[in-house]
Amino acid sequence: MIQLPSNRSTSGVMAQVLLALVPGMLVATWVFGPGVLLNVLMASLTAWGSEALCLRLRKRPVIVRLTDHSALLTGWLLALSLPPASPWWLISLAVATAIVLGKHLYGGLGQNPLNPAMLAYCLVLISAPVSMTTLWIDPLATPGITSAWMAFLGTAPDAATGATALSLYRNDFTALTAIEIASHPLFREASLGLIAGVEWVALAYLVGGLWLLFRGVMTWHAPVGLLLGLFVVAAFFAIDPDSGTPVWVHMTAGATVFAAFFIVTDPVSGATSPRGRLLFGVGVALLTYLIRTFGHYPDAIAFAVLLMNFAAPMIDHYTRPRIVGRDAAIKGSGGTS
Amino acid sequence: MSECQLRQSTHPLVGGIHPETHKTESLKQQCMMLPTPPELIFPLHFSGGGPGHALVSVGDRVQQGTPIIQTESGIVHAASRAGVVTAISEHPLAHPSQGPSVCLFIRTDSAGPSLTLPLRSSWTAEALRQRAMEAGILGLGGAGFPSHQKWGDTLHTLLINGAECEPYLTADDTLMQQDADAVIQGAVALAENLNLTRIVIGIEDNKPDALEQLKKAIAESSSSYLFEVVVVPTKYPSGGERQLIWLTLGLEIGSGRRPVDHGIVVHNPGTLAALAHSIDGNPLIERVVTVTGDAVPAPQNVIVPIGTPIRHILNHAGVDSYGDLQLTVGGPLMGFTVHATEAPVVKTTNCLLLRAPTQQPIEPCIRCGLCAEACPVQLQPQRLFQMVSHGALAAAGHEGLADCIECAACNAVCPSHIPLASWFQHGRYSLQEEAQQTAIADQARQRFEARQARLTRLAQEQEARRKARRTQNSDMLAKVRAARGAKSE
């Protein structure tokens, strides 16, 4: 019987989140090829390296903090968010940015106002937009180890990569009808009737996330806020199937499920009261829909999360529960000392 | 014959935790009377009831029951065994402040009969308050508040707190099993004399034996009271005063108010048993103490004479050496660490917990919110911690710091092992101190302003008198002149 890590320590909490990522990681490897694992490996090494360097420079105990797994988690989250055919330097740059700029410049574990992984994701998305949008693998042409290795070194063969469902809707489908779109191989070949390959990855993340809920590592509020919020708003605007991205694409494609359980649930940069977490999730959903629909980038979760990170303290401020024995919840702030 | 109405609590506790209870260990052995120790020690100022002074001098002989300490609140502490007063000097205490304080030492011997309080044929509320003071009765649940001070004239409900929700503790459980009759008698005496209409017992569902004994005692009692026995689910901190009132009566005590403001008096069963014994003439000189923990070879409950050095009790339970073991007085959540094993047991000492140190390294807060889920008052400990640890006390006060009941459920769930409850206690003391300083400054200012006003008023009055005199004089002068003028003409 394997002893599972417990919620009684920070490292235990982090280790459980890492474990919950494994199913998604394996399915992603099956769908997108061994490049995913190469990314995870590169991200882990960079995360450990930059974390150790920062701790040393800040004169903090290196081993204690390294073994709390928080840096590794940031690395994995980035490795799984970035395109599977990313070159090694893109991964390293992103992870180092997350750890150094996103975390340690603010004071290390627990002090960062923004989600480090999403901060770094936005940075590389803005700095290397071509890589970030074209290095996605076509799930119907999973590359072998050789082409994955070549992509890792930065020489991705064009044939293996393709656009994601969200970017197809954004750039290529604007003039097509729903029936014409459905004949695209990405949707025609989908065994669950959603998006080929991607649907299985989303399902695997869902399984990992539900396990975390079951273990009490996180509460349901933020995931439900994001998933339900996005569903409602996407369903509302997708009445006409020929215009706009359908609901199921919003729910399956991109980082939706992954973000619902592994990104908006980050306690450090999110809201903490139960109602606040729900609102935080809904806010991310609304912003995601807005940016996906009207913005320049096909996916938007990272931007939405960063924007909501800024709002988290205010959300917490206005969603305090009623203290037992009081007539109403506290409003406003008290002293300024 | 009293009636007993048994029901399950229908008002769930907000928040709360389910720690490992560790209660069976100390319940395996029969609860026995501890052999009299060679020396008894009584702190003058920390025996309960506020600062006190000795009623006996060095060299005096005392009987069991002789009053030896008179405290500010009127509570009198009696010698728990006969002997000779050998010294009044400083000695380490089992107290959160850890400092030594003046104590009275008695070398015990077996001589002489014990001194009892006079018996009465009839009782009144006032007589009962007087008796509680003479018998040295205070809250045995842990806070040690003088019982008679709670007994106002506007009460209507007595709630007996038999929850004992903290892990390891079984002293109340043991007392309810062994002395249920006294608990019920004490409750009836209090209810009759204070004209209470309701007696409610709250007990956690992990104490079936105690519940059985209580039911038996109620059935055998001759009073006409209906006892409502409410069984509450085992969950910490169901035994918090406010929490138990919610669980049993479905009533929320307002923030900043006390149960007595709502007409409810809450007592530990041990306190009521002590009241019953005091009515029979016996002052409070003993209590049940749980001796337990992984490092105790024979965990058990013992009846301990007040003033017994902790070391003596631990020896009795088979502890020979301490090494780097950690001694906690009280439970693992609300208790405090004590380093001096020569410190004596006082009336609020309910448990001696000896374990290997459990201190884990404190890590940064990751705002996971587990503490907020556990908080039975629905505070946001992660926010409060940030405020208190950064000295933003006024903001913490606004955030509800004063509503914290210091149950330490937040400590127990914190994955970063932050001693949140200690921070909040520290914050509350600092706030109180600040308020006191402000009060002193206000008083000084008011005095100064009053003096200024008085001086101004005096000066004005003087001026007015002078003016009056002047006009009077000039009037008189004018009259005299007029008279003179008339004469000369």
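Just so it is clear: chains get the letters A, B, ... in the order the sequence lines come, proteins before strands, and each one is counted from 1.
There is a side-chain donor-acceptor pair under 3.5 Å between A/His104 and A/Arg58. Under the 3.5 Å distance criterion, with hydrogens and angles disregarded, a donor-acceptor pair is assigned to the side chains of A/Ser44 and A/Trp76. Side-chain polar atoms of B/Thr337 and B/Thr328 form no donor-acceptor pair below 3.5 angstrom.
Contacts between A/Thr219 and chain B at a heavy-atom distance below 4.5 Å involve the side chain alone, from C-beta outward. Interface remark: B/Val14 contributes side-chain atoms only to the contact with chain A (heavy atom separation under 4.5 Å). In this structure, chain A has a heavy atom under 4.5 Å from the backbone of B/Cys414, while its side chain stays farther away. Proximity to chain A (any heavy atom under 4.5 Å) is restricted, for B/Pro376, to the backbone atoms N, CA, C and O. Of the two parts of A/Arg65, only the side chain, counted from C-beta on, holds a non-hydrogen atom closer than 4.5 Å to a non-hydrogen atom of chain B. Interface remark: B/Ala412 contributes backbone atoms only to the contact with chain A (heavy atom separation under 4.5 Å). When heavy atoms are compared at a cutoff of 4.5 Å, A/Asp316 approaches chain B by way of both its backbone and its side chain.
Each of A/Gly216, A/Ser269, A/Gly108, A/Gly270 has some count of heavy-atom pairs under 4.5 Å with chain B, and the biggest count is that of A/Gly270. Contacts with chain A were tallied for B/Asp403, B/Ile253, B/Leu370; B/Asp403 has the most, counting heavy-atom pairs under 4.5 Å.
A side-chain hydrogen bond (donor to acceptor under 3.5 Å, both in side chains) with B/Gln380 holds for exactly one of B/Gln378, B/Arg383, B/Gln382; it is B/Gln382. Among the candidates A/Arg60, A/Arg56, A/Lys103, the single residue satisfying the salt bridge (charged side-chain N to carboxylate O under 4.0 Å, His left out) test with A/Glu51 is A/Lys103.
The aromatic rings of B/Tyr168 and B/His22 lie parallel to each other, with less than 30° between the two planes, well short of the 60° mark.
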Mind running side chain to side chain contact (heavy atoms under 4.5 Å, CB included) on A/Arg275 and A/Leu278 for me, showing each step along the way? CA-CA 5 Å; A/Arg275 274 194 304 154; A/Leu278 196 63; 5.5 Å; no
